[in-house]
Amino acid sequence: MALYAIGDLHLSLTVNKPMDIFGAGWTGHVQRLEEAFSQLRDGDVTVLCGDTSWGIDLNESLEDFRFIDRLPGEKIILKGNHDYWWNTAAKMNAFFAGNGIRSISILHNNCRFYKEYAICGTRGWFYEEEQSGHNEKVLNREVLRLEASLKAAEGRPILAFLHYPPLYMGYRCPEIIRKLQEYQVRQCFYGHLHGPTHKRAIEGTVENVAYSLVSADYLGFVPKKILND
């Protein structure tokens, strides 16, 4: 039993959204994901850090979820900025149950547990949101969602998972970082960055939090092992 993380699968098994238009590095990425996951075992757990499916609603994303469900192990998913299918936790859980999807659980205003660790997280906030006309209310909502998740850890050591990077060369989100530090988060994993932006990612320990980029193309479509058996 091991814990893994990977983000930005960008699946589009129903919709016409081929990822190789973003570069040769994405060629055959679905097959590469399937091959990489074949090395995992049924007892393993993988956190998917957002941008999972290009579907605009749950029904359009169903084949993507079925693909994920067939992969070995349990999967914990959180929201990314392109997850337009995202809905309330109750509706998502009912949809999964009604379609026989058993290996996917939702990380949203809650936390999940892996051995003695608490798995916490939310989408987060990035400067792109400010440029899109979003306001302080949206940022505050994300901070509150993160805090709700961190509080649910109930004193366990915390591993945090975000979609947006809280740190980036030339940018930081102090509100998110403050919460990570307040709850003594040991490690934070994030996605969202692709291609040329990889070189601007922050990797390593900053102010007592170890940050790691886990975008699928950054990892070569191989889930990153976080904790061993």
Side-chain angles (χ1 to χ4, degrees), residues 1-56 58 60-86 96 99-107 114 119 121 123 159 161-165 187-203 211-229:
M1 183 176 180
L3 179 66
Y4 296 83
I6 189 169
D8 306 83
L9 303 189
H10 286 294
L11 298 173
S12 57
L13 298 180
T14 299
V15 301
N16 184 25
K17 192 76 173 182
M19 289 301 294
D20 54 10
I21 65 172
F22 297 105
W26 284 91
T27 300
H29 88 283
V30 175
Q31 292 74 23
R32 293 164 69 185
L33 284 167
E34 190 168 24
E35 181 178 344
F37 268 90
S38 71
Q39 305 304 308
L40 275 63
R41 297 169 295 178
D42 287 340
D44 293 336
V45 177
T46 304
V47 182
L48 305 181
C49 294
D51 281 6
T52 300
S53 168
W54 280 111
I56 63 171
L58 287 166
E60 198 168 80
S61 298
L62 178 56
E63 291 307 313
D64 297 335
F65 296 134
R66 285 175 170 160
F67 170 81
I68 293 169
D69 192 49
R70 290 193 298 269
L71 299 174
E74 299 295 317
K75 302 93 187 178
I76 300 171
I77 62 176
L78 56 93
K79 185 180 182 181
N81 62 305
H82 290 302
D83 287 323
Y84 305 119
W85 51 269
W86 193 271
F96 292 154
N99 286 281
I101 296 170
R102 307 298 181 193
S103 68
I104 300 176
S105 58
I106 303 295
L107 184 60
Y114 175 86
I119 295 173
R123 185 191 68 169
L159 300 171
F161 299 84
L162 302 168
H163 177 66
Y164 284 133
Q187 294 176 276
C188 177
F189 304 88
Y190 63 90
H192 186 65
L193 303 181
H194 303 301
T197 63
H198 290 162
K199 63 185 179 183
R200 299 185 66 185
I202 301 295
E203 288 260 11
Y211 294 93
S212 297
L213 173 61
V214 294
S215 296
D217 57 326
Y218 181 75
L219 298 178
F221 304 96
V222 178
K224 180 183 179 69
K225 182 180 283 188
I226 297 171
L227 294 173
N228 291 315
D229 298 1

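Sequential numbering from 1 along the given sequence is applied to the chain's residues. Everything numeric here is computed off the predicted structure, so don't read it as measured data.
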Side-chain heavy-atom pair [X], [Y] within 4.5 angstrom cut-off:
| X | Y | answer |
| --- | --- | --- |
| L9 | L33 | yes |
| F189 | I226 | yes |
| L193 | Y218 | no |
| I101 | L62 | yes |
| M1 | Y114 | yes |
| V214 | D8 | no |
| L3 | V47 | yes |
| F37 | T46 | yes |

[X] (side chain) donor-acceptor with [Y] (main chain) under 3.5 angstrom:
| X | Y | answer |
| --- | --- | --- |
| D217 | G195 | yes |
| D44 | A2 | yes |
| N99 | F96 | no |
| E35 | Q31 | no |

Taking all non-hydrogen atoms of both residues into account, name the closest pair between [X] and [Y] and its distance.
| X | Y | answer |
| --- | --- | --- |
| C49 | L162 | CB-O, 3.7 Å |
| F221 | P223 | O-CD, 3.9 Å |
| S215 | H192 | OG-N, 3.3 Å |
| D83 | L78 | OD2-O, 3.8 Å |

| Pair L107-I119, side chain to side chain contact (heavy atoms under 4.5 Å, CB included): steps then yes or no | CA-CA 8 Å; L107 184 60; I119 295 173; 4.2 Å; yes

| query | In terms of ring plane angle, is the pair H198 and H194 parallel, tilted or perpendicular, where the classes change at 30° and 60°? | reply | perpendicular

| message | Angle between ring planes, W85 versus F65, binned at 30° and 60°: parallel, tilted or perpendicular? | response |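 W85 and F65: perpendicular rings.
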
| message | Using side chain to side chain contact (heavy atoms under 4.5 Å, CB included), reason through I68 and I104 one step at a time and then give a plain yes or no. | response | CA-CA 8 Å; I68 293 169; I104 300 176; 3.8 Å; yes

| said: With ring-ring contact (aromatic ring centres under 6.0 Å, His included) as the criterion, how do W54 and Y84 come out once you've worked through the C-alpha distance, each side chain's angles and the decisive distance to 0.1 Å? | reply: CA-CA 7 Å; W54 280 111; Y84 305 119; 7.1 Å; no

| side chain to side chain donor-acceptor pair (under 3.5 Å) partners of residues 61-75, not counting sequence neighbours, each pair once | S53-S61, S53-D64, E63-R66, D69-S103, K75-S103

| message | Looking at E34, I'd like to know if its CD atom is crowded, meaning that more than 12 non-hydrogen atoms belonging to other residues, nucleotides or ligands lie closer than 6.0 Å. | response |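 Counting other residues, nucleotides and ligands, CD of E34 stays at 12 neighbours or fewer.
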
| message | Out of the candidates Y211, Y164, F161, only one should pair with Y190 under the side chain to side chain contact (heavy atoms under 4.5 Å, CB included) rule; please name it. | response |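 So, applying the side chain to side chain contact (heavy atoms under 4.5 Å, CB included) to Y190 and each of Y211, Y164, F161, only Y211 qualifies.
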
| Would E203 and L213 count as a side chain to side chain contact (heavy atoms under 4.5 Å, CB included) if you check the C-alpha gap in whole Å, the side-chain angles of each, and the deciding distance to 0.1 Å? | CA-CA 7 Å; E203 288 260 11; L213 173 61; 3.6 Å; yes

| said: Do N81 and H163 pair up side chain to side chain, a donor and an acceptor below 3.5 Å, judged on atom types alone? | reply: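 Yes.
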
| field | H82/H10 under side chain to side chain contact (heavy atoms under 4.5 Å, CB included): CA gap, chis, key distance, verdict | value | CA-CA 9 Å; H82 290 302; H10 286 294; 4.0 Å; yes

